[in-house]
Amino acid sequence: MRTLTNKLPEHIGKNVTIEGWLHKKRLLGGLTFINLRDRSGLAQILIKDKDEVEKLRGLQIGTVLRIKGSVTKDERAPGGVEVHDPELEVIVPVTDEPPIEIDKPLNHKPDNLDTLFEYRVIGLRNVLETNIFKVQAGIKEAARQYFKAEGFTEFNSPKLLPEATEGGSEVFKLDYFGKEATLAQSAQFYKQIMVGVFERAYEINPTYRAELSATTRHMTEFIHIDAEIGFVDFDGLLDVVDGLLHGIIEDVSKNYENELKSLRAEPVKLASKIPRISLEEVHELYTKETGTKTLGEKDLRPDEERFISEYSKEKFDSEAIFIVDWPASEMKFYHKKSEKNPEFAERADLIFRGVEIATISMREHRYKELLDQLKTIAKGDPEADGFKYYLQAFKYGLPPHGGFGMGLERLTQKIVGLNNVKEATLFPRDINRLTP
RNA sequence: GGGCUCGUAGUGAAGUGGUCUAUCACGCCUCCCUGUCACGGAGGAGAUCGCCGGUUCAAAUCCGGUCGGGCCCGCCA
């Protein structure tokens with residue numbers, strides 16, 4: 001029976017079998033220490049028998065081993081226990097040395113990211129790299145838990161679509177048995193459709209954007225936490241996003257404390273209620289502070305996103321802040337105008353640690369108004385394949401609703417404290433990387 | 001797509017006209033080492049300095065082109 005390395009303290013004085021990867025060798029002459037890595041962590045094994053040491057000659061980090069030995073308490077060992085008098089069995093010998101080191105922190109300098117990703121397959125075995133993605137798994141776990149508690153049902157929408165719909169960003173086109181198809185640039189229509197089914201629905205799925213963006217925060221494929229809520233108003237919608245972020249931060253900080261510590265992640269500061277500030281207020285503050293005039297601009301500059309984050313951290317003790325009151329003139333056709341102030345759309349961006357991690361909006365749920373906005377704003381044909389099924393949902397009754405899309409990798413990046421969103425992606429896809 | 005910038009052993013770096021027959025660290029190989037945990041010590045292998053062309057008595061170093069990266073902006077999650 002196999003024992004996991006993190007359970008060794010429960011087996012002191014007993015013989016166990018452990019299995020895993022050779023992580024480190026230290027030969028001290030009459031004494032040899034090796035570290036074995038399995039899914040639960042690392043174990044130290046002390047080898048004195050020269051014949052056992054000899055079994056590892058010529059074998060590299062990554063060699064798969066089965067080790068039988070006795071668990072011994074020793075204060076000098078990391079974790080206080082180690083395996084003595086081992087008998088080694090080489091399950092998979094590895095003779096080629098790894099191209100990058102996996103027992104020391106990997107280089108994350110921007111200039112060297114290409115190497116990091118070129119050897120991603122084995123680099124991910126590095127304990128620190130692994131920890132980034134354990135945290136990411138924890139984020140998804142925490143999100144699901146929050147959604148479940150709030151009465152949401154998880155679904156998956158198709159990523160192969162007939163044509164571009166949402167507009168704005170470029171889409172990937174592909175051959176679909178002789179017809180042209182596209183990869184989903186958003187789950188927008190499907191999550192709205194699902195409001196008619198589940199009322200509260202969410203999915204955690206990939207999104208594809210064929211944009212020639214070359215920044216530290218863009219990829220051509222990324223994971224969206226997409227949610228849509230029926231019978232909600234704008235305030236209530238922001239409360240849900242607020243609750244989700246709090247839920248994620250609280251769960252992950254608690255359940256992944258060791259991983260975050262190993263990555264030297266700064267604990268996240270969140271106000272109990274995430275502050276809300278209007279776009280124009282941000283422009284005013286930024287203009288006053290920097291002398292760069294952004295008053296009246298219809299979007300936030302990246303530098304303003306960083307600025308308002310710092311401002312919010314100092315002024316409100318919150319590293320997340322909602323930006324509200326976006327001009328209706330820039331809204332998408334499915335967005336809803338504010339009834340009180342029709343010059344604004346009911347939309348918000350959530351800025352966290354200097355980047356936009358979510359866009360939130362109320363949707364136009366009234367069939368006639370939506371048809372009108374589709375024609376005037378998107379210049380869309382209601383009979384086109386990309387729109388007609390979507391519109392059915394409204395024709396046959398959708399309540400007032402709204403939703404949001406949150407970028408999983410951006411969120412992971414910022415929680416962990418990485419410079420580039422790609423570092424928070426297992427196998428990143430960008431304008432010039434399609435492998436591994 | 002626009003602007004800026006970088007390319008030297010497997011990995012990370014130093015070297016910006018001649019002393020470069022290219023330096024250092026990690027990794028790798030051989031040997032020594034009984035408490036390592038970034039183990040230590042001695043020795044060794046490993047690089048047509050991204051590629052092509054040019055300037056020069058002389059190019060890793062200067063110039064042009066090319067290929068491959070990175071950062072910022074636009075766009076967004």
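Numbers restart at 1 for each chain; the letters A, B, ... are given by sequence-line order, proteins then strands.
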Give one of base, sugar-phosphate or nothing for [X], where a contact means two heavy atoms less than 4.0 Å apart.
{"X": "A:I357", "value": "sugar-phosphate"}
{"X": "A:R57", "value": "sugar-phosphate"}
{"X": "A:T359", "value": "sugar-phosphate"}
{"X": "A:T32", "value": "nothing"}

Using the [atom1] atoms only, state how far [M] lies from [N], rounded to an integer number of Å.
{"N": "B:C71", "M": "B:C28", "atom1": "P", "result": "30 Å"}
{"N": "B:A77", "M": "B:G2", "atom1": "C1'", "result": "23 Å"}
{"N": "B:U34", "M": "B:A47", "atom1": "P", "result": "35 Å"}
{"N": "B:A60", "M": "B:C49", "atom1": "P", "result": "7 Å"}
{"N": "B:G46", "M": "B:C24", "atom1": "P", "result": "15 Å"}
{"N": "B:U8", "M": "B:A59", "atom1": "C1'", "result": "14 Å"}

| A:F33 aromatic ring stacked with six-membered ring of B:G35, 5.5 Å and 30° |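 Stack criterion not met.
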| message | Rounding to an integer number of Å, can you tell me how far A:K73 NZ sits from B:G35 C1'? | response |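 Value for this atom pair: 18 Å.
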| Aromatic rings A:F307 and A:Y286: how do their planes relate, parallel, tilted or perpendicular, breaks at 30° and 60°? |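 Perpendicular, since the angle between the ring planes exceeds 60°.
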| message | Can you classify the ring geometry of A:F333 versus A:F189 as parallel (below 30°), tilted (30 to 60°) or perpendicular (above 60°)? | response |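 The rings of A:F333 and A:F189 stand perpendicular, inter-plane angle above 60°.
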| field | Side chain of A:L31 - closest among B:G35, B:C72, B:G74 | value |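 So the nucleotide nearest the side chain must be B:G35.
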Between [N] and [X], is there an OP1 or OP2 to side-chain N/O distance shorter than 4.0 Å?
{"X": "A:R26", "N": "B:C39", "answer": "yes"}
{"X": "A:N112", "N": "B:G12", "answer": "yes"}
{"X": "A:T216", "N": "B:C72", "answer": "yes"}
{"X": "A:Q60", "N": "B:C29", "answer": "yes"}

| Would you say the side chains of A:K159 and A:S157 form a donor-acceptor pair under 3.5 Å? |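 Result is yes, a qualifying pair exists.
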| Is the base of B:C72 touched by the side chain of A:T215 through a donor-acceptor pair closer than 3.5 angstrom? |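 There is none.
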| Should we count NZ of A:K55 as having more than 12 external heavy atoms under 6.0 Å? |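 More than 12 heavy atoms, drawn from other residues, nucleotides or ligands, come within 6.0 Å of this atom.
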| query | Is it the case that more than 12 heavy atoms not belonging to A:E266 sit under 6.0 Å from its CD atom? | reply |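 Counting other residues, nucleotides and ligands, CD of A:E266 stays at 12 neighbours or fewer.
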